[in-house]
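So the structure is just underneath, and the comments pick up after that.
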Amino acid sequence: MALIVHKYGGTSMGSTDRIKNVAARVAKWHDAGHQIVVVPSAMSGETNRLIGMAREIMGDQPDPRELDMICSTGEQVSVGLLAMALLAIGKDAVSYAGWQVAIKTDSSFTKARIQSIDDAKVRADLDSGKIVIITGFQGVDDDGNISTLGRGGSDTSAVAIAAAMKADECLIYTDVDGVYTTDPRVVSEARRLKTVTFEEMLEMASLGSKVLQSRSVEFAGNYRVPTRVLSSLTDPLMPLEEEANSGTLISFEEDTNMEQAVISGIAFNRDEAKITILGVPDKPGVAYHILGPVSDANIEVDMIIQNQSVAGKTDFTFTVSRGEYTKAMGVLEGVKGEIGAASVLGDAKVSKVSVVGVGMRSHVGVASQMFRTLSEEGINILMISTSEIKISVLIDEKYMELAVRALHKAFDLEKA
Ligand code: ADP
Ligand code: ASP
Ligand code: MG
């Protein structure tokens, strides 16, 4: 008998028929003698619908605490429906919201971090033979406020629960049959990877591959949770052995990845924004005085460049996610005078494309190949950043898909 956490995404929970399929699949695993915790997302489109209503009332920046109160309801509906679907086929099941478990988080509403999970009640239910269903995406802070974990956060709930309970495996069921060399919806030749190293998956997720939320990969790595991404759209009654070996396994050992090429995948993030502060006096503390207020406003900064100074003045450019662009511009307009900057410019129509692979450690020439490919397509690079296993470029949003396709071909990713 193993303890297994199943996570089902929005498409997988997208209708009452799909929920019945999830129930049949979960029942199959339970009937095979396993203890099962299920973490579903809201039905597809529901979180967007809830955010849309909040914006109709409060505009672009709805109050974060109240937004979490609203958004958490999507998952609450899902867990109740799934529990009913299991009860209806004669399985004993119980559903809980995050606060009932409790999944404790900090108070950063809309992007809260999980701090602890009390699994006592869940364990007691499992030991009495029940299937336990817990809302994804949410928790509760020390003051009893409902918090959510950021878009795509149900992945993180599932892996964190698996880590806290020392589960034997966390199975992330989604609408694709694994992790591909890039988003198969953008490049039809993309190839499924049988395994992907934890480090590569972390880079791909944090660089925009939304197949897994990046914090879920951090949990998988920190607690060594065996995690697999697989399809929820197959026949729910397919043989369990076959299902258990399908999809993509996140591996913790580099050398087990026999498929290892120099580049394993291409990630992209469409929704970036670039902000430039022109004519700042170049003296110690420039970066701090610009980025300090941005960070105080809880806005995450990604790429950063400071130009060579000319006549004691420099230009400073950084990127933020597009959703935080208006807020970041507001912060900088506020401090512009104080830091002595001439002006602040912004471009909210930029995207980031990254090539990722642990093979880069032992191979040179990846950057030049990437830049040559983009230049052959006539794509201008606005910013570059690198780490040991990735190279990212910022480009005009309208060339993003072209860049991803050209790079996928240039690095031969469609070939095994
Ligand atoms: P869920 O609702 O199950 O959480 P998501 O929409 O969040 O599903 O994530 C699955 C989607 O991620 C896929 O439909 C696919 O379009 C996208 N995706 C992006 N990059 C990749 C990749 N490298 N491999 C597989 N899917 C990817
Ligand atoms: N329902 C949330 C979202 O749409 C969480 C998730 O699906 O993982 O972002
Ligand atoms: Mg998701």
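First listed ligand is number 1; within each ligand, the first listed atom is number 1. Not measured: the values here are computed from a predicted model.
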Subject >> Aromatic ring pairing His34/Trp29, orientation class (parallel under 30°, perpendicular over 60°, tilted between) >> reply: tilted

Does [X] reach ligand 1 with a nitrogen or oxygen that is under 3.5 Å from one of the ligand's nitrogen or oxygen atoms?
X	result
Gly10	yes
Asp175	yes
Arg185	yes
Ser12	no

Assess, by modelled atom type and distance only, whether the side chains of [X] and [Y] contain a donor and an acceptor separated by less than 3.5 Å.
X	Y	value
Ser216	Thr156	no
Asn307	Thr314	no
Gln115	Asp141	no

Original post:
Are any of the heavy atoms in Gly152 under 4.0 Å away from ligand 1?
Top reply: no

Original post:
Contact between Arg192 and ligand 1, counting heavy atoms under 4.0 Å?
Top reply: no

Original post:
Where does Lys7 meet ligand 1, judged by heavy-atom distances below 4.0 Å: at the side chain, the backbone, both, or neither?
Top reply: side chain

Original post:
Counting heavy atoms only, which part of Ala267 comes closer than 4.0 Å to ligand 1: side chain, backbone, both or neither?
Top reply: neither

N/O separation below 3.5 Å, [X] to ligand 2:
X	result
Lys7	no
Ser154	yes
Gly152	yes

For [atom], what is the closest protein heavy atom, and at what distance to 0.1 Å?
atom	result
atom 7 (O) of ligand 2	Ser41 OG, 3.2 Å
atom 7 (O) of ligand 1	Lys210 O, 3.5 Å
atom 23 (N) of ligand 1	Tyr180 O, 2.9 Å

Subject >> Glu272/Ser351 under side-chain hydrogen bond (donor to acceptor under 3.5 Å, both in side chains): CA gap, chis, key distance, verdict >> reply: CA-CA 5 Å; Glu272 299 269 340; Ser351 300; over 6 Å; no

Quick one: which of [options] has a heavy atom closest to [atom]?
atom	options	value
atom 18 (N) of ligand 1	Asp183, Val176, Thr182	Asp183
atom 25 (C) of ligand 1	Gly178, Ala42, Gly265, Ser231	Gly178
atom 27 (C) of ligand 1	Thr47, Val211, Thr174, Ile266	Val211

Original post:
Stepwise, does the side-chain contact (heavy atoms from CB on, under 4.5 Å) test hold for Ile161 with Val37?
Top reply: CA-CA 9 Å; Ile161 290 168; Val37 176; 4.2 Å; yes

**OP:** State if Gly74 counts as touching ligand 2 under the rule of any non-hydrogen atom under 4.0 Å.
**Re:** no

Original post:
Glu75 near ligand 2, heavy-atom distance under 4.0 Å?
Top reply: yes

Cationic N near anionic O, under 4.0 Å, [X] to [Y]:
X	Y	answer
Lys352	Asp302	yes
Lys349	Asp271	no
Lys91	Asp31	yes

**OP:** Give the numbers and elements of all ligand 1 atoms closer than 4.0 Å to a heavy atom of Met204.
**Re:** 23 (N)

**OP:** With heavy atoms of Val179 as the reference, note each atom of ligand 1 found under 4.0 Å away.
**Re:** 24 (N)

**OP:** Determine, for Tyr96 and Lys121, whether the Lys NZ or Arg CZ falls below 6.0 Å from the six-membered ring centre while staying within 45 degrees of the axis.
**Re:** yes

Original post:
More than 12 foreign heavy atoms under 6.0 Å from CD of Glu333: is that the case here?
Top reply: yes

Original post:
Does atom CH2 of Trp99 have more than 12 heavy-atom neighbours from other groups under 6.0 Å away?
Top reply: no

Subject >> Subset of ligand 2 atoms that lie under 4.0 Å from at least one heavy atom of Arg151 >> reply: 3 (C), 4 (O), 9 (O)

Original post:
If you look at every heavy atom in Thr227 and Leu249, which pair is closest and at what distance?
Top reply: O-CD1, 3.5 Å

